[in-house]
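Below you'll find the structure, written out as structure tokens, and then a few comments.
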Amino acid sequence: MAPVPTPPAQPEDTTDSYVGLDAEAAERQARARGWSTVRALPPGTVITMEFRGGRINFEVDASTVTRCWVG
């Protein structure tokens with residue numbers, strides 16, 4: 001049987017610190033803090049609900065982060 005893969009470590013970060021930032025600045029900050037996947041989505045985008053370690057999500061309206069969550 002194949003070994004169970006170890007998920008990547010999730011950065012110690014506060015999602016509230018991204019709300020209100022310009023989307024490009026938020027992405028640079030997230031990558032600098034160790035997030036392996038950064039996803040920016042317009043409001044109301046339909047997405048699946050699977051959790052992915054190492055991913056941070058931004059809801060972006062008019063180039064500003066309005067919501068942020070991990071997974």
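Side-chain atoms are counted along with the backbone in the values below, which use heavy atoms only and exclude waters and symmetry mates. None of the values given here were measured: they were computed from a predicted structure.
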Is a donor on one side and an acceptor on the other found under 3.5 Å between the side chain of Ser63 and the backbone of Ala23?
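No; judged by distance alone, with no hydrogens or angles, the pair does not exist.
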Measuring from atom [atom1] of [X] to atom [atom2] of [Y], what distance do you get when rounded to the nearest 0.5 angstrom?
X     : Y     : atom1 : atom2 : answer
Cys68 : Arg39 : SG    : CZ    : 11.5 Å
Thr66 : Leu41 : OG1   : CG    : 10.0 Å
Asn57 : Trp69 : CG    : CH2   : 5.0 Å

Side-chain heavy atoms under 4.5 Å apart, restricted to Ile/Leu/Val/Met/Phe/Trp/Tyr: what other residues fall into the cluster of Phe51, or is it alone?
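Phe51 shares its hydrophobic cluster with Tyr18, Leu21, Trp35, Val38, Ile56, Phe58, Val60, Val65, Val70.
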Under 4.5 Å between side-chain heavy atoms, chaining through other members, with only Ile, Leu, Val, Met, Phe, Trp and Tyr counted: pull out the rest of the cluster around Val46, sorted by chain and number.
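The other cluster members (ILVMFWY side chains, heavy atoms under 4.5 Å, direct or chained): none.
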Partner set under salt bridge (Lys or Arg N to Asp or Glu O under 4.0 Å) for [X], not counting sequence neighbours:
X     : value
Arg31 : Glu27
Glu50 : Arg55
Arg33 : Asp13
Asp22 : none

Which atom names give the shortest non-hydrogen contact between Ser17 and Gln29, and what distance separates them?
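Taking every non-hydrogen atom into account, OG-NE2, 3.8 Å.
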